[in-house]
Each structure stands twice: as C-alpha cells, then as structure tokens.
Amino acid sequence: MGHGGFLGMRYGNHGPDWFEAELPWREDLVGAGNSGVLASGPIISLFDNCTSMAIWTRRGRFVPHVTLDLRIDYVRAAVPGRSVIARAECYQLRGDLAFVRALAHDGDAADPLAHAAAIFMVLGDSE
C-alpha cells in the first residue's frame, strides 16, 4: 500500500509536465485537537509525492530520484472537512536535476493554502 496509500492519496489528473493528486480529509489526519484542520505532515507528503510524479510525467517514464530540497510556504490552514488537492509542474530538467513548483488548495485553486518549490536529483540514468 505504501505511504501514499496509507494516507489515502488519490490520482487526480496529469499532463505532459504536471501531475495532480488529492488527499481526502480524514479525522485521524487532523493536527491540533478538535480544530478539524489537516496536519502539515500529510500535506508535506502530498507535495512530495505530487512533485515526484510531475518529474515522471515530464520524462515519460519512471526514473529513480531523491528529494534534495522541498520548501513549502503555507498561506492559510485548510478548511476542516475538505480534501486537499495538489498540482505540481516540472518546469526544468537540467542534467541530473529536476525543478518543480506546486500549489495546494481545498477546492479553489485561486485561493491556495500552500505553495511549494522542490529540487530532485535523478539517480543513475538522467537521459
């Protein structure tokens, strides 16, 4: 099942250089007491998975890589009870590095709850 399966992440959509995934709201993923707000950990995992998949969609195949840097800027808390959707775009491949940007929202992409920027290193074949 893996980490994404445990969290309940679901495929959303993808294009030639982007990937979208959803993290459904669950009570056991809530961070602080009775707030109903998803904890940051599952949202970080959503970003990490989604940004990785954006690299694979751009390359057109699965290539092992590792996260070198993942910066997340939270703009606001997720609305309690709502799923979080992340969309990531791999905008640059340079040698064995991949550069990705992403945003997460809970229903309106024009009102994001977080932005992310990531750098990955490709292991082995970086063709």
message: Using the rule that Ile, Leu, Val, Met, Phe, Trp and Tyr join whenever any side-chain heavy atoms are under 4.5 Å apart, tell me whether L46 and L38 fall into a single cluster.
response: yes
Contacts of Y91 that satisfy side chain to side chain donor-acceptor pair (under 3.5 Å) - sequence neighbours left out: none
Minimum heavy-atom distance between P80 and S35, given as atom pair plus value: CG-O, 3.4 Å
- prompt: For L113 and H105, which heavy atoms make the closest approach, and how far apart are they?
  reply: CD2-C, 3.8 Å
Gap between atom CD of E89 and atom OG1 of T57 - 0.5 Å precision: 10.0 Å
Short N-O contact, D106 and R76, less than 4.0 angstrom: yes
message: Restricting to non-hydrogen atoms, name the atom on C90 and the atom on A54 that form the minimum distance, rounded to 0.1 Å.
response: CB-O, 3.6 Å
- request: Look only at the side chain of W56 and the backbone of V63, and say whether a donor-acceptor pair between them is shorter than 3.5 Å.
  value: yes
task: Calculate, to the nearest 0.5 Å, the distance between atoms CH2 and CZ belonging to W18 and R101 respectively.
output: 14.5 Å
L93 reachable from F99 in the ILVMFWY side-chain graph, under 4.5 Å edges: no
- request: Verify the cluster assignment for I85 and I43: are they in a single hydrophobic cluster under the rule of side-chain heavy atoms below 4.5 Å apart?
  value: no
Pi-cation contact, F6 with R26 (under 6.0 Å, within 45°): yes
- line: Of all heavy-atom pairs linking A109 and L103, the shortest is O-CD1, 4.3 Å
- prompt: What is the minimum heavy-atom distance between H3 and S45, and which atoms define it?
  reply: NE2-OG, 2.9 Å
statement: d(L23 CG, M9 CE) to nearest 0.5 Å is 6.0 Å
message: Using side chain to side chain contact (heavy atoms under 4.5 Å, CB included), reason through M53 and F62 one step at a time and then give a plain yes or no.
response: CA-CA 9 Å; M53 294 302 292; F62 291 100; 4.2 Å; yes
- prompt: Under 4.5 Å between side-chain heavy atoms, hopping through other hydrophobics if needed: is there a path connecting V79 to V84?
  reply: no
task: Spell out, as yes or no, whether a donor-acceptor pair under 3.5 Å connects the side chain of W25 to the backbone of G36.
output: yes
task: Indicate yes or no for a side-chain donor-acceptor contact from S52 to the backbone of N49 under 3.5 Å, with no hydrogens or angles considered.
output: no
message: Same cluster or not: I44 versus L7, using hydrophobic residues (I, L, V, M, F, W, Y) connected whenever any side-chain heavy atoms lie under 4.5 Å apart?
response: yes
- request: Locate the shortest heavy-atom distance separating P24 from G8; write the atom from each residue and the value.
  value: CD-O, 3.1 Å
message: I need the single residue from L70, I55, L97 that forms a side chain to side chain contact (heavy atoms under 4.5 Å, CB included) with F120. Which is it?
response: I55
